[in-house]
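To start, the structure under review is shown below, and the notes come after it.
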Amino acid sequence: MSKLQHLTPLTMQLLCLTKTDSHPAFSARWLGWVIAWVLCHASLGFAADTAPAPSALEVLQTQAQQWASSNPSFQGRAVHVAPIDNRIAVQSCQQTLQFDQPFPGQASVRVRCGQPIWQLYVTLNSGNSPAPVARNGLAAPAVHKVLVAKDLLKRGTLLTPDMFTATEMPAPGMESALINDPKLIANMELTRDLTPNTPLKTYDVKTAVLVRRGQEVQVTAGVGQGFLITMRAESLQDGGIGEQIRLKNSESGRSLIAVITGPNAARLR
């Protein structure tokens, strides 16, 4: 096949014009149009082949659905990420996002990124009920079951269910972070002061430190095995409920490994 067969009819016509026209300016103008036409079509083809990259929120949505498909709490359900507060900007993550449920039984899921380091809470659900319509024709704000503090609670307070009242109220922008089950606050402590009638949220609490380094701990052994031994030991590290810590027997000086069962209490493994 000759080289001329690769040329489009329009290009061949333009090339013929440039050869037959003796005026240099006219020839240069036609050559400029040919080059512009080729570049234009090339750029259009490139743009058509390039798909826009998914947004950080779309990536989060996709990875959340993948995680939920193998998680017992959501398995078998088609879930999606509930709308996130507009004030929260989802950052792009250079690694695969990590998901977990610090509060089992709730739809609130923690999302963590390792690079850059950030975390946020989202709600995974299979659809929201339509918002009720108020008399003025506008959608009334949805109400949610929440736990509100009865009195002023100071930062570091070890929480108990009797400190809160269950009620319903609008909580725009906080839906994914609300705590509505009193059982979930057992062995938790506040990370900030909480004023009366303020809804309790996941970022208001953390696992309470029940044993601190250097404190004396009551250690038990043999529970459920037909015998019971108790001893005193010094904690060598801080820990919360269910965590495994190292201790030192106050009498023999031997090192021990025990699981924290309560304030200054632990059980030998």
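In this text the structure is predicted, and so the values were computed from the model without any measurement.
V259 and V209 are assigned to two separate hydrophobic clusters, defined by single-linkage of ILVMFWY side chains at heavy-atom distances under 4.5 Å.
The CG atom of N264 sits 8.5 Å away from the CD atom of E216 when rounded to the nearest 0.5 Å. In this structure, NZ on K154 lies 11.0 Å from CG on L190, to the nearest 0.5 angstrom. Note that OG1 of T160 is 8.5 Å distant from CG of L153, once rounded to the nearest 0.5 Å. Within the model, atoms OG of S255 and NZ of K248 stand 8.0 Å from one another, a figure rounded to the nearest 0.5 Å. Taken from CG in D100 to CD in Q98, the straight-line distance is 9.0 Å, to the nearest 0.5 Å. Atoms CD and CZ, from E234 and R246 in turn, are 11.0 Å apart once rounded to the nearest 0.5 Å.
By the neighbour-count criterion of 12 heavy atoms within 6.0 Å, atom CZ of R267 is sparsely surrounded, having that number or fewer from other residues, nucleotides or ligands. The environment of Q95 atom CD is dense: over 12 non-hydrogen atoms of other residues, nucleotides or ligands sit within 6.0 angstrom.
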What do the steps show when you test D204 against R192 for side-chain contact (heavy atoms from CB on, under 4.5 Å), and what is the final call?
-> CA-CA 6 Å; D204 293 330; R192 66 184 184 95; 2.6 Å; yes
Stepwise side-chain contact (heavy atoms from CB on, under 4.5 Å) test for I185 and L200 = CA-CA 10 Å; I185 63 176; L200 185 65; 3.5 Å; yes
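Here the closest heavy-atom approach between residue A177 and residue Y203 is recorded as CB-CE2, 3.7 Å. When every heavy atom of P199 is checked against every heavy atom of L178, the shortest pair comes out as CB-CD2, 4.1 Å. Heavy-atom minimum distance, Q91 versus P116: OE1-CG, 4.0 Å. Nearest heavy atom pair, residue D238 against residue R213, reads OD1-N, 2.6 Å. W118 approaches S92 most closely through the heavy-atom pair NE1-O, 4.1 Å. The two residues E243 and G240 make their nearest non-hydrogen contact at OE1-N, 2.7 Å.
Counting side-chain heavy-atom gaps under 4.5 Å among Ile, Leu, Val, Met, Phe, Trp and Tyr, the cluster of I241 also holds L158, L210, V211, V217, V219, F227, I229, M231, I245, L247, L256, I260, L268. Side-chain heavy-atom separations under 4.5 angstrom define the hydrophobic clusters, and I117 shares its cluster with no other residue.
Proximity of D151 to M163: side-chain heavy atoms (C-beta onward) are nowhere separated by under 4.5 Å. With contacts defined as side-chain heavy-atom distances shorter than 4.5 Å, the pair W67/V109 qualifies. Contact of the N180 side chain with the V146 side chain is not registered, since no non-hydrogen atoms from C-beta on lie closer than 4.5 Å. Side-chain contact between L147 and P182 is present, with at least one heavy-atom pair separated by less than 4.5 Å. L159 places none of its side-chain heavy atoms less than 4.5 Å from the side chain of E189. The closest side-chain heavy-atom distance from L60 to T62 is not below 4.5 Å. Side-chain contact check for Q63 versus V111: every heavy-atom pair is 4.5 Å or farther apart. Between E251 and R232 the shortest side-chain heavy-atom distance falls below 4.5 Å.
Between R155 and D193, none of the side-chain N atoms (NZ, or NE/NH1/NH2) sits under 4.0 Å from a carboxylate O, so this pair counts as no salt bridge. The existence of a salt bridge linking D181 and K145 is excluded, since no basic side-chain nitrogen approaches an acidic carboxylate oxygen closer than 4.0 Å.
For F164, there are no ring-ring contact (aromatic ring centres under 6.0 Å, His included) partners two or more places apart in sequence or in a different chain.
For the pair S55 (side chain) and E58 (backbone), a donor-acceptor distance under 3.5 Å is present. No donor-acceptor pair under 3.5 Å is formed between the side chain of S252 and the backbone N or O of N249. With hydrogens and angles disregarded, no donor-acceptor distance shorter than 3.5 Å links the side chain of T220 to the backbone of T230.
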